[in-house]
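Order of the sequence lines fixes the chain letters, A, B, ..., with proteins taken first and strands second; residue numbering starts at 1 for each chain.
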Amino acid sequence: MDWFGAADGGPMVATRAIHFAATAIVTGTLVFQAVVANPALRSQEAAAKPFRTQTRYVAWISLAVAVISGLAWVLLLTMSLSDESLGEAITSGALRDVLNLTQFGSVSQIRLALAILLAFCLAFERSAFWRWLGLGAAVGLIASIAWTGHAASTPHKLGYLHLGADVLHLTAAAAWIGGLVPLALLLGAGKHHQGRAGLELDVVRRFSALGIASVATLILSGIINAWILVGSFHALVITGYGQLLMLKLAVFAAMLAFAAINRLSLMPRLALPSADTQQDALRGLSRNTLIEIGFGLFLFAVVGVLGTLHPAAHLVQ
Amino acid sequence: MRLLSLIAVIPLLFLFATGEVGAHAFLDHAEPRVGNKVAAPPREVTLWFTQKLEPAFSTVTVTNAAGERVDTGKARVSGTQMAVSLRPVGGGTYHVNWRVLSVDTHTTNGNFTFQVGQ
């Protein structure tokens, strides 16, 4: 089983993984701002200003990487379908055909429009209208990936269920894993400022609630996706797709373990009166968040491979 | 540790999950049927796939025993179905070669034969 060579080659796998990660980070950052940071920092203007500057950089950089990797994805697919070099694929009309005659091409154009809209929203984010529109565009950018993958080709009424589950899965993954990046920035800033434990506690509590909702959504939608794409325990065990999915589940479980430690052990210590205990808890939370980000990036790499493999279900029918 | 307990449940759910659905476009069935013998020459060959197809990148050709094309060229694709009309043909063995792109951008291909005659 050549997982990392996959059907479409290493560059395609890497491009997809980078695109998923970058899109999740820009979406997760905006979700974090709306649900966690803005309510928590409402009366903390001194802490809010540098955080907003940092997250603005994160959003812009991840959006730029998402756009570039999205364009590379279109070009690599065109080269693969036409069996032509990059120059030939552009000049021969193959790129035009992929863009205009396939669902992937149409969805890619819509997603590029969403990315441009999101860029405008980031540029004018001082207005609440643009912030909420930007959040909508970012969620659209991650959710629309569902129409480019396995869920898009599932026929009949089951296809609607598969697409719905995939939309929820992608959005929840972005909210949780993407949101870890601004969380790490905020916790990192807190390490250098005594007396901010109240703010950090509020932030971690809010993010924990967001994380629980995201994890519940990921598990439910993941079960639906696995039922459609894997189909049975037998297929999960004997196919490369199934084995890679089990690796994904193992990494997911490790992330959950860290999340549980954060919520059940470290978060309560932020509420204790001792400044030293608070700082220790903050350091632990920062470290665990960075580890979770590492696991999350690995998950996106696995997803990059999974999408290029033949799913297990039909291989064992 | 309630969240951790959820992890243990996931593999159990797979145990109970059984499905008969697939992914990627593989041939589900065809008319004339794969490997079958039909009495009268068919006017077209129709293939049904397990997944939705991209019309612009899905093709099918039908050739006779001598390797000559007997289809009229352009395949008609709708959803999971692809059909191609045939020119008037006589008895013998015919080869159907298909290559399709599913909406999830994966290419698959295959072939089968059918026979015409009593």
- Name of the residue among B:T50, B:D104, B:T80 meeting side chain to side chain donor-acceptor pair (under 3.5 Å) with A:S153: B:D104

- Message: A quick test of your reading: do over 12 heavy atoms of other residues, nucleotides or ligands sit less than 6.0 Å from CZ of A:R206?
- Response: yes

- Message: Just checking B:R33: does its CZ atom have more than 12 heavy atoms from other residues, nucleotides or ligands closer to it than 6.0 angstrom?
- Response: no

- Query: Which value, rounded to the nearest 0.5 Å, describes the distance between B:L101 atom CG and A:L101 atom CG?
  - Reply: 11.5 Å

- Task: Taking all heavy atoms of A:P155 and all of B:Q51, pick out the closest pair and write down the distance.
- Result: CD-NE2, 3.5 Å

- Query: Relative to chain B, which segment of A:T148 carries a heavy atom at a distance below 4.5 Å: side chain, backbone, both, or neither?
  - Reply: backbone

- Query: Which of residues 54-76 of chain B have a heavy atom under 4.5 Å from any heavy atom of chain A?
  - Reply: B:E54, B:A56, B:F57

- Query: Can you find a pair of side-chain heavy atoms, one from B:H106 and one from A:H150, that are under 4.5 Å apart?
  - Reply: yes

- Task: Counting only heavy atoms closer than 4.5 Å, note whether B:L53 contacts chain A via side chain, backbone, both or neither.
- Result: neither

